[in-house]
There are 2 protein chains.
Amino acid sequence: MKRKITLKQIARELDVSISTVSKALSNSKEISEDTTQKIQAFAKLYNYKPNNIALSLKNRKTKTIGILIPEIVHHFFSTVIRGIELIANRRGYNVIVGLSNESFTKEIINMEMLANGSIDGFILSISKETLLKQDYHHFHATINQGMPIVMFDRVVSEVDCDKVIVDDFTGAVKAVKKLIDSGCKRIGLITTMDYVSVGKLRTQGYLEALEDRGVVADSNLILKIDDSLDVENHLEILENEMTQFFKVNETIDGIFAVNELYAVTAMKVAKRLGLQIPNDIQVIGFTDGVLSKHATPSLTTVSQHGQKMGEQAANLLIDRLEAIDTESEQYFTNNERKSDFIKMVIETEIIERESTK
Amino acid sequence: MKRKITLKQIARELDVSISTVSKALSNSKEISEDTTQKIQAFAKLYNYKPNNIALSLKNRKTKTIGILIPEIVHHFFSTVIRGIELIANRRGYNVIVGLSNESFTKEIINMEMLANGSIDGFILSISKETLLKQDYHHFHATINQGMPIVMFDRVVSEVDCDKVIVDDFTGAVKAVKKLIDSGCKRIGLITTMDYVSVGKLRTQGYLEALEDRGVVADSNLILKIDDSLDVENHLEILENEMTQFFKVNETIDGIFAVNELYAVTAMKVAKRLGLQIPNDIQVIGFTDGVLSKHATPSLTTVSQHGQKMGEQAANLLIDRLEAIDTESEQYFTNNERKSDFIKMVIETEIIERESTK
DNA sequence: TGTTAACACGAAAACGTTTTCGTTGCGAAT
DNA sequence: ATTCGCAACGAAAACGTTTTCGTGTTAACA
């Protein structure tokens, strides 16, 4: 087993100085052709590759970006990671991922662990607990230390940084209008509690669409799921709530659900109650994941383009990182003006499938 | 904006030496109580945290493990990552992920990018193209440089390293026997091409189970899907193949599919052909993902316990890493004996749902 | 008073790079 | 013969730590 070879070892072997080796390998014309040849040949033979850690220390940048997300076993988040990784790799960066598991504390621990030199910047989506607590000091702290952050999807106006979001509001409006225009008269909304900003926005979109089309909203038609209970592992709870919901609202003929799971569960319950989809009731979900695609009937959804969000977030972050080294002075002064931060909105798109007419 | 403070700055501020600061912060009793107090207070005030990169360089270890997987938008792989991250975090490690995208070249590029000091060891699952080419030199190279590798799920006997696998063979046997014992007489197999080891093993398990129960295998009942075509985005192809398959085999009354997607698609096609599940035909899939859980009817599957695999892999890797520093000499000699490598088998479990009786 | 031991601290090396700034030797120009 | 310039290379600093090995001061002891 041969450990990785270093400049020092090459230098010793070839009886030259470390500087000479370094220069020869970077084709500096300070070094004679002879020596360069000899050194390069030797280096190739021993498969020399510069040590990244040493480079990071010297350059004070790691060429690594930190991703901090609430959960990885989740189609949307993994598509975002894929987008980030794609761009990062293309632009010469690595990605290191931390999972907050929706916990405030884990989010902080993870940030501190990574912020101490391991990465050049963050791409993150805020955990539910943090949103609930509304405590964003750790974000401010990292930004203050000169480490850029890009937030995506679950963002918050209190923190000044670049953001990539989806037009949740407009997406919801489009979805609900589509239901109305396809003949739905009484459209139910299945949503989460309001503290998750995206849920709130989608709810507002639902209301807006109704109003626009001159339909009066009926609070009976809104089902708010308490996501403090672990719904993913207790599907019965979800199904029971929805069954009740359908029984109370017999005339319901359309459903807009703020996520995939709610939508497919609603379809399942509806079918069980003898309703035909899309004839008796049409359904649209939010977040185009694997469930929507393979459900029977397949589900019409509002796609968030997770991968594109990831790509944009990565580009934003890397752009900023590389702006920092070129025009260092200018950056810092500009940075004071919060107007400098970019809020990028990814357009949603309705993917039509079998659950709507 | 305050950049992160360093030992040197603290030393200058407090008019002591760098060594003194370092020692005071680690509570060395070489330093007087007074000085220690003063330094610690100052450090806390300015929120001093040692720079990870500098530590990595000094200690010649990064406390980071590299994950290299074919694809992240995949329920199984993301559960594995979750498991790895859980253990890694608990034991003080970070994880950095690379995606090979099933490509041989990207796998190599990624390995080389990470192997130059960025990480202490790898946890990986081999890309399809690599399996097809049977070219494993990059794995040998990294291992030879003293960097440990743990492989999971898609492993290969040619590489000497720790491995975590699922008993694909036994899992398949159990599944097929369950179908037989539930009354199935003619059981179809939907599988992939043989070069993916796990697909092969599951196919062998299918055959073994039939033989054990005294059923003669019928090659008409085996459908091999060519996964070189992008099936994920051309569901019709898959559905057409399966429709043909069902039409040719009218008497089929059970299906064992080597993955989730094949299984739910088979159910969809079967239902479309007027078959009742599980009365007319029973279905079992492999890999317990989100699709199986939420399909209608929900799908009985063989669970691979991805998270547990990740946890075990992480523990194996970290154990080996920490063994290296303690008993460095002993390790190297032991390492020569390949018998030292652990192959850990995670038991599969059949999750019974509605698609079987 | 001279020796010693403990105490409190600093200097310097090391990890692996890159880069700036010498330094040496030598041929050419004056 | 002296100066100049250039070619080819080396020394050393720097990035931020930790750790080993001094070193100076003081107090205790013979």
Side-chain angles (χ1 to χ4, degrees), chain A residues 2-40 43 46-64 115-120 145-147 324-325 328, chain B residues 2-40 43 46-64 115-120 145-146 325 328:
Chain A
K2 319 169 181 177
R3 283 224 150 274
K4 293 217 57 120
I5 198 170
T6 69
L7 287 187
K8 189 192 280 194
Q9 294 170 42
I10 300 185
R12 194 183 310 143
E13 276 328 291
L14 264 49
D15 210 46
V16 290
S17 77
I18 296 183
S19 343
T20 305
V21 179
S22 175
K23 288 171 188 165
L25 290 178
S26 55
N27 283 313
S28 160
K29 54 199 172 98
E30 258 183 82
I31 307 299
S32 76
E33 207 151 325
D34 274 7
T35 325
T36 303
Q37 293 263 334
K38 194 174 55 177
I39 293 181
Q40 291 194 351
Y46 283 89
N47 190 31
Y48 170 80
K49 295 280 167 51
N51 180 303
N52 277 332
I53 295 293
L55 284 179
S56 296
L57 184 58
K58 179 126 205 13
N59 303 329
R60 279 130 122 241
K61 66 180 91 134
T62 61
K63 290 268 179 183
T64 303
N116 297 315
S118 305
I119 61 167
D120 295 339
Q145 304 215 327
M147 177 161 297
I324 293 178
D325 14 278
S328 61
Chain B
K2 318 171 183 178
R3 285 223 149 273
K4 293 216 55 119
I5 199 171
T6 70
L7 287 187
K8 188 191 279 194
Q9 295 169 42
I10 300 185
R12 194 183 310 144
E13 261 351 273
L14 263 48
D15 209 47
V16 290
S17 77
I18 296 183
S19 346
T20 306
V21 179
S22 175
K23 289 170 189 165
L25 290 178
S26 55
N27 281 314
S28 159
K29 53 199 172 92
E30 255 183 86
I31 307 299
S32 76
E33 205 150 327
D34 275 6
T35 323
T36 303
Q37 293 265 334
K38 195 174 54 179
I39 293 180
Q40 291 196 350
Y46 282 89
N47 191 31
Y48 170 79
K49 296 278 168 53
N51 180 303
N52 277 332
I53 295 293
L55 283 179
S56 295
L57 184 59
K58 179 133 210 8
N59 302 330
R60 282 132 119 242
K61 67 179 88 135
T62 60
K63 290 270 181 180
T64 303
N116 298 314
S118 304
I119 61 167
D120 295 339
Q145 304 215 327
D325 9 284
S328 60

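Each chain gets a letter, A, B and so on, in the order the sequences are listed, and its residues count up from 1.
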Colleague: Of all residues at least two apart in sequence or in a different chain, which pass the side chain to side chain donor-acceptor pair (under 3.5 Å) check with A/Thr62?
Modeller: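 In terms of side chain to side chain donor-acceptor pair (under 3.5 Å), with neighbours along the sequence ignored, A/Thr62 is linked to A/Asp120.
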Colleague: What is the minimum heavy-atom distance between A/Asn47 and B/Gln145, and which atoms define it?
Modeller: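 Distance-wise, the nearest heavy atoms are ND2-NE2, 3.8 Å.
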Colleague: For DNA chain C, what residues of residues 28-36 of chain A have any heavy atom nearer than 4.0 Å?
Modeller: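 Nucleic-acid contacts, sorted: A/Glu30.
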Colleague: In chain order, what residues pass the side-chain contact (heavy atoms from CB on, under 4.5 Å) check against B/Ile18, with sequence neighbours excluded?
Modeller: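 Once residues adjacent in sequence are excluded, the partners of B/Ile18 under the side-chain contact (heavy atoms from CB on, under 4.5 Å) criterion are B/Leu7, B/Lys8, B/Ala11.
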Colleague: Decide yes or no for B/Leu25 and B/Tyr48: does some side-chain heavy atom of the first lie under 4.5 Å from some side-chain heavy atom of the second?
Modeller: yes
Colleague: What pair of heavy atoms forms the shortest contact from B/Leu57 to A/Ile53, and how long is it?
Modeller: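 Nearest heavy atoms, B/Leu57 then A/Ile53: N-CG2, 3.6 Å.
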Colleague: Note the angle between the end axes of the helix from C/dT1-D/dA30 to C/dT30-D/dA1, five pairs defining each, rounded to 10 degrees.
Modeller: 90°
Colleague: Where along residues 48-57 of chain B does a heavy atom come under 4.0 Å from DNA chain D, residue by residue in number order?
Modeller: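 B/Tyr48, B/Lys49, B/Pro50, B/Asn51, B/Ala54, B/Leu55 - these, ordered by number, are the residues of the stretch whose heavy atoms sit under 4.0 Å from the strand.
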Colleague: From the 5' end of DNA chain D to its 3' end, which nucleotides mark the outer limits of contact with chain A, defined by a 4.0 Å heavy-atom distance cut-off (strictly under)?
Modeller: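 Answer, 5' to 3': D/dA8 to D/dG16.
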Colleague: What's the spacing between A/Arg3 CZ and B/Arg60 CZ if we round to 0.5 Å?
Modeller: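 CZ of B/Arg60 is found 7.0 Å from CZ of A/Arg3.
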Colleague: What's the spacing between B/Gln37 CD and B/Ile31 CD1 if we round to 0.5 Å?
Modeller: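 Rounded to the nearest 0.5 Å, the CD-CD1 separation comes to 13.5 Å.
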Colleague: Please list all pairs passing the salt bridge (charged side-chain N to carboxylate O under 4.0 Å, His left out) test where one or both residues lie in residues 9-28 of chain B, with sequence neighbours left out.
Modeller: B/Lys23-B/Glu30
Colleague: Look up atom NZ in A/Lys38 and atom OG1 in A/Thr20, then write down how far apart they are to the nearest 0.5 Å.
Modeller: 10.0 Å
Colleague: Side chains of A/Val16 and A/Ile39, heavy atoms from C-beta outward: is any pair under 4.5 Å?
Modeller: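 Yes - at least one pair of side-chain heavy atoms lies under 4.5 Å apart.
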Colleague: For B/Asp34, what residues pass the side chain to side chain donor-acceptor pair (under 3.5 Å) criterion, not counting sequence neighbours?
Modeller: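 Partners of B/Asp34 under the side chain to side chain donor-acceptor pair (under 3.5 Å) test: none.
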Colleague: Answer whether the closest heavy-atom distance between the side chains of A/Thr6 and A/Gln9 falls below 4.5 Å.
Modeller: yes
Colleague: State, without any angle test, whether A/Lys4 and A/Asn51 hold a side-chain donor-acceptor pair at a distance under 3.5 Å.
Modeller: no
Colleague: Taking side chain to side chain donor-acceptor pair (under 3.5 Å) as the test, write out the residues that go with B/Thr35, two or more places apart.
Modeller: B/Ser32
Colleague: Using a strict heavy-atom distance below 4.0 Å, which residues from residues 18-25 of chain A are in contact with DNA chain C?
Modeller: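 Per residue number, the list reads A/Ile18, A/Ser19, A/Ser22, A/Lys23.
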Colleague: Closest heavy-atom contact between B/Asn116 and A/Pro50?
Modeller: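 Looking at all heavy atoms of both residues, the closest pair is CB-O, 3.7 Å.
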Colleague: I need the residues from residues 4-16 of chain A with at least one non-hydrogen atom less than 4.0 Å from DNA chain C; give them sorted by number, or say none.
Modeller: A/Thr6, A/Leu7, A/Lys8
Colleague: Partners of A/Asn52 by side chain to side chain donor-acceptor pair (under 3.5 Å), sequence neighbours excluded?
Modeller: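 By the side chain to side chain donor-acceptor pair (under 3.5 Å) rule, A/Asn52 matches B/Ser118.
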